[in-house]
Amino acid sequence: MKRLFIALCCACSAGFLPAQTPVYLDDSQPIEARVKDALSRMTLEEKVKLCHAQSKFSSAGVPRLGIPEVWMSDGPHGVRAEINWNDWGYSNWTNDSITAFPALTCLAATWNPEMSAKYGKALGEEARYREKDVILGPGVNIYRTPLNGRNFEYMGEDPYLAATLCVPYIQEVQKNGVAVSVKHYALNNQELWRGHIDVECSDRALYEIYLPAFKAAVQQGGAWTIMGAYNKFRGQHACHNELLLQKILKQDWKFDGVVVTDWGGAHDTYEAAVNGLDIEMGSYTNGLTSESAFTYEDYYLAQSYYNMLRSGKVPMSTIDDKAARILRLIFRTAMNRNKPYGSIVTEEHYAAAREIGNEGIVLLKNALVQKKQSPLLPIVADKYRRILVVGDNATRFLNQGGGSSELKVKDMVSPLEGLRAVYGDKIQYAKGYAAGRPMYGNVEQIPQAVTDSLRAEAVAMAQEADLVILVGGLNKNHLQDCEAGDREDYGLPFGQDELIEALQAVNKNLVLVLLSGNAVEMPWVSKVPAIVQGWYLGSMGGHSLADVLSGKVNPSGKLPFSFPAKLTDNGAHSFDALAYPGDSIKEVYKEDILVGYRWHDTKKVPALFSFGHGLSYTTFSYGKPTASSKTISADGSLTITVPVKNTGTTFGKEVVQLYVGDDKCSVLRPTKELKHFQKIALQPGEEQTVTFTIAPDDLKFYNETLGDWTSEPGKFKAYVGASSSDIRGVVAFELK
């Protein structure tokens with residue numbers, strides 16, 4: 001079947017196209033045939049126009065051939081409100097309110113690929129309904145330092161966990177005819193000086209830590225676009241970096257999609273032309289707030305690129321490759337006749353957001369309180385007459401702020417609302433501390449008198465309460481969990497440390513709920529009996545928190561990154577300033593491959609709360625793990641089995657984790673590395689045998705001498721546990 005497209009008279013009047021007869025593009029053909037056909041009909045000017053923005057969030061199509069433009073939207077936790085055509089102001093539409101899904105740190109904390117698929121499906125449906133062709137996410141940069149302002153958008157410190165969870169998200173989004181743009185490729189592990197900091201790291205760190213999630217996104221997820229990072233890597237900006245884009249992404253990984261800049265990430269026409277950049281967005285801005293005096297024709301891949309092509313300074317093959325990739329993207333998205341209609345703010349999407357939140361909330365600590373014979377959580381309503389909720393985050397809309405991930409929601413259930421829905425008029429509220437208005441840019445200073453007054457009020461009310469729930473943590477203001485700036489302190493802001501000390505001094509029944517996308521310092525940890533890591537939970541966040549605190553849902557989240565006891569216990573902060581944040585020009589990743597738990601394990605620096613840690617309202621016992629063989633060959637495999645039993649009285653889910661360690665190697669290797677995990681659900685008394693298959697690839701490291709992955713024969717250990725520090729059994733085997 002053929003679709004008829006009439007030549008546009010406006011193109012003729014512009015003087016650069018001859019009058020055309022009607023043009024037929026056969027959309028019944030395979031995509032590659034359509035790409036070849038369209039390319040053969042296009043002028044050089046039309047090809048170049050594909051390669052740069054025409055507005056804040058769109059790039060051009062080919063009107064003469066009826067090929068539409070590409071429309072993009074920020075993500076990755078929901079579809080951003082409409083932005084004006086040519087400035088950063090919001091358009092103030094009345095039909096662009098959406099579902100805010102939990103931040104990706106929360107998704108990572110579910111350790112559940114099924115939740116990732118639900119997330120991607122719902123987000124893809126909302127993006128499709130909003131007529132977006134590309135959603136800018138997911139983010140899979142590695143959590144290197146707890147000060148990184150954008151960690152809340154990413155999936156933790158482990159490359160295997162991030163790789164496993166990004167794939168279902170990508171696949172389900174793209175089933176809606178909406179492309180993902182996996183970001184920020186690569187090594188964008190801080191926001192401070194992000195536009196120019198030049199990162200230096202070893203090939204081993206690059207391939208073993210910082211690239212695996214991107215590789216999985218491309219080769220397993222089938223991502224249709226990749227977004228370049230702002231920073232430099234080995235002297236070249238990531239958005240036109242020869243090694244990252246041409247060699248690794250397009251040559252080695254066979255990526256057939258489109259490389260998009262982060263907004264303002266391009267800096268040079270020649271490098272952009274020859275080093276693999278396809279679409280340039282937001283140049284001459286900071287990507288968030290600043291505007292440009294330049295026109296879109298002044299972009300690096302616009303008139304300057306056209307002139308270089310015409311003069312022979314860059315090969316014509318570069319534009320044909322870029323145009324082909326962009327046409328392929330358009331045929332997969334905007335011109336995909338088989339994509340569904342999409343939907344928005346449905347009950348199904350709210351249910352998905354709530355379920356993801358429920359599974360991602362992590363119970364960090366749940367100790368016995370004084371003479372009570374049971375832990376403080378879950379909160380049984382009949383035990384308490386007066387429950388005091390304290391904290392700015394109990395009522396704050398945490399969809400606001402954070403930079404480009406800011407969301408305009410139709411509904412937002414606050415923690416206070418969620419708790420009142422369960423406990424009714426038993427709930428009282430005191431603000432306790434002030435965090436100021438949601439904002440980006442200059443930090444708002446709260447007068448000390450205000451802080452003191454709010455704290456005094458909360459402490460007085462706590463003395464009369466039976467139970468206190470403090471909902472604190474960070475928020476998405478500048479210099480907290482926010483784009484374009486890193487945190488300046490590891491501790492809690494707004495006087496929360498003093499508030500926690502004061503509350504626990506007058507009421508031992510204290511539950512602390514931390515809403516954040518980052519680890520925080522906890523000088524009071526021994527005094528607070530119950531601590532919950534609640535993340536940024538999105539539209540249904542209040543219900544998710546109430547579900548877990550009340551015991552309606554048994555917590556099953558596990559930490560996707562380590563909580564160091566103090567900042568210098570983190571690998572990136574264990575060296576001089578050149579390791580973090582750099583000298584404003586250069587930064588050297590001196591901890592190399594020892595990121596997160598790899599550092600804590602290998603250097604024997606215990607974390608306060610370990611990677612993979614998360615408690616439950618029930619208990620699980622692990623039997624002795626066994627291996628199918630004592631040896632594994634280079635072309636074989638072996639299985640590890642372990643029985644796991646729910647020994648408590650409540651239905652619960654457990655994440656069984658398998659780590660592998662190399663006993664002896666010619667190069668430094670971590671004590672152990674996560675290689676597999678499985679989330680299982682067990683009724684009280686139920687037992688299940690969990691099986692893992694170890695393949696030779698699980699034993700390899702990146703050999704810098706060979707420039708390839710390799711392993712050395714010898715002895716290995718498989719560690720089975722409930723976290724990186726809670727190992728329940730070890731099995732030795734040998735690689736022959």
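We use all heavy atoms of the structure for the numbers below, so side chains are in, but hydrogens, waters and symmetry mates are not.
Counting heavy atoms from C-beta outward, Leu514 and Met522 have side chains that approach closer than 4.5 Å. Counting heavy atoms from C-beta outward, Val511 and Leu467 have side chains that approach closer than 4.5 Å. Between Leu512 and Leu364 there is no side-chain heavy-atom pair separated by less than 4.5 Å. Residues Ser544 and Ile361 meet the side-chain proximity criterion, which asks for heavy atoms closer than 4.5 Å.
Salt-bridge annotation for Glu734 and Lys630: absent, with no side-chain N of the basic residue lying under 4.0 Å from a carboxylate O of the acidic one. One finds no salt bridge joining Asp592 and Arg204 here, because no Lys/Arg side-chain nitrogen approaches an Asp/Glu carboxylate oxygen to under 4.0 Å. One finds a salt bridge joining Arg669 and Asp662 here, because a Lys/Arg side-chain nitrogen approaches an Asp/Glu carboxylate oxygen to under 4.0 Å. For Lys566 and Glu521, the salt-bridge test fails: no basic side-chain N is under 4.0 Å from an acidic carboxylate O. Ionic pairing of Glu654 and Lys679 is not present here: no N-O contact between side-chain nitrogen and carboxylate oxygen is shorter than 4.0 angstrom. Taking 4.0 Å as the cut-off between side-chain N and carboxylate O, Glu686 and Lys645 do not count as a salt-bridged pair. A salt bridge does not link Asp466 with Lys383: every distance from a Lys NZ or Arg NE/NH1/NH2 to an Asp or Glu carboxylate oxygen is 4.0 Å or more.
A donor-acceptor contact closer than 3.5 angstrom links the side chains of Thr145 and His573. For the residue pair Asn554 and Ser616, a side-chain donor N or O sits within less than 3.5 Å of a side-chain acceptor on the partner. Side-chain contact, Asn358 with His543: no donor N or O sits under 3.5 Å from an acceptor N or O. With 3.5 Å as the limit, one finds a donor-acceptor pair spanning the side chains of Gln480 and Asn475. A donor atom on one side chain and an acceptor atom on the other are not found under 3.5 Å apart for Trp599 and Asn570. A side-chain donor-acceptor contact under 3.5 Å links Ser666 and Glu712. Side-chain contact of Ser725 with Ser610: a donor-acceptor pair under 3.5 Å is present, judged by distance alone. Using modelled atom types, one finds no donor on one side chain facing an acceptor on the other under 3.5 Å when comparing Asn188 with Asn141. Side-chain contact, Glu348 with Tyr350: no donor N or O sits under 3.5 Å from an acceptor N or O. Between the side chains of Ser516 and Asn518, no donor N or O sits under 3.5 Å from an acceptor N or O. In this model, no donor atom of one side chain and acceptor atom of the other lie less than 3.5 Å apart for Tyr597 and His613. Looking at Glu157 and Ser562, their side chains do bring a donor and an acceptor atom within 3.5 Å of each other. Side-chain N/O atoms of Thr691 and Thr639 include no donor and acceptor closer than 3.5 Å.
One distance of note links CG of Leu545 with CG of Asn393; it measures 10.5 Å at 0.5 Å rounding. Annotation: the span from Gln688 atom CD to Gln678 atom CD amounts to 6.5 Å, rounded to 0.5 Å. Atom CG of Leu668 and atom OG1 of Thr602 lie 6.5 Å apart (nearest 0.5 Å).
Heavy atoms only, all atoms of each residue included: Thr164 and Pro113 are closest at CG2-CG, 4.1 Å. Ala353 and Ala100 make their closest contact through CB-O, 4.3 Å (heavy atoms, listed as atom of the first residue, atom of the second, distance). Of all heavy-atom pairs between Phe620 and Asn646, the closest is CD2-CA, 4.0 Å. Between Gly137 and Pro76, the closest heavy-atom pair is CA-CB, 3.7 Å. Contact record, Ile469 with Val513: CG2-CG2, 4.1 Å, taken as the closest heavy-atom pair. Heavy-atom minimum distance, Ile632 versus Ser637: CD1-CA, 3.7 Å.
Ring centers of Phe575 and Tyr580: at least 6.0 Å apart, outside the cut-off. Aromatic pair Tyr143/Phe561: centroids less than 6.0 angstrom apart. Ring centroids of Trp253 and Tyr207 are separated by 6.0 Å or more, keeping the two rings apart. Taking the six-membered ring for Trp and the full ring otherwise, Phe101 and His77 have centroids separated by 6.0 Å or more.
In terms of the salt bridge (Lys or Arg N to Asp or Glu O under 4.0 Å) criterion, Arg487 has no residue partners (sequence neighbours excluded). Under the salt bridge (Lys or Arg N to Asp or Glu O under 4.0 Å) criterion, Lys590 pairs with Asp576, not counting sequence neighbours. For Lys183, there are no side-chain hydrogen bond (donor to acceptor under 3.5 Å, both in side chains) partners, not counting sequence neighbours.
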Side chain to side chain contact (heavy atoms under 4.5 Å, CB included) between Val389 and Val468, worked out
CA-CA 6 Å; Val389 176; Val468 178; over 6 Å; no

Evaluate side chain to side chain contact (heavy atoms under 4.5 Å, CB included) for Val656 paired with Arg728, printing each intermediate quantity in order.
CA-CA 10 Å; Val656 185; Arg728 305 294 181 90; over 6 Å; no

I would like to know whether Trp111 and Tyr160 meet ring pair (Phe, Tyr, Trp, His ring centres under 6.0 Å); could you show each step before the answer?
CA-CA 11 Å; Trp111 289 61; Tyr160 178 78; 9.0 Å; no

Start with the C-alpha gap between Val642 and Thr689, add the side-chain angles, then the distance that decides, and say whether side chain to side chain contact (heavy atoms under 4.5 Å, CB included) holds.
CA-CA 6 Å; Val642 58; Thr689 298; over 6 Å; no

List the steps and the verdict of side chain to side chain contact (heavy atoms under 4.5 Å, CB included) for Glu673 and Val660.
CA-CA 5 Å; Glu673 298 177 282; Val660 172; over 6 Å; no

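Side chain of Asp708 to backbone of Tyr702: no donor-acceptor contact under 3.5 angstrom is found. A donor-acceptor pair is defined here as one N or O able to donate and one able to accept, closer than 3.5 Å; no such pair exists between the side chain of Lys700 and the backbone of Pro696. Tyr622 places no side-chain N or O within 3.5 Å of a backbone atom of Ile727 that could act as its donor or acceptor partner. Within the 3.5 Å criterion, the main-chain N or O of Gly221 finds no donor-acceptor partner in the side chain of Gln171.
At most 12 heavy atoms of other shown residues, nucleotides or ligands fall within 6.0 angstrom of atom CD in Glu114. Heavy atoms of other residues, nucleotides or ligands lying less than 6.0 angstrom from NZ of Lys118 number 12 at most. Residue-environment remark: NZ (Lys365) exceeds the threshold of 12 foreign heavy atoms within 6.0 Å.
Both tests hold for Arg144 against Tyr589: distance to the six-membered ring centre under 6.0 Å, angle to the ring axis within 45°. In this structure, Lys476 satisfies the cation-pi test against Tyr536, with its NZ or CZ atom closer than 6.0 Å to the six-membered ring centre and inside 45 degrees of the ring normal.
By the 30° and 60° cut-offs, the orientation of the rings of Phe563 relative to Phe609 is perpendicular.
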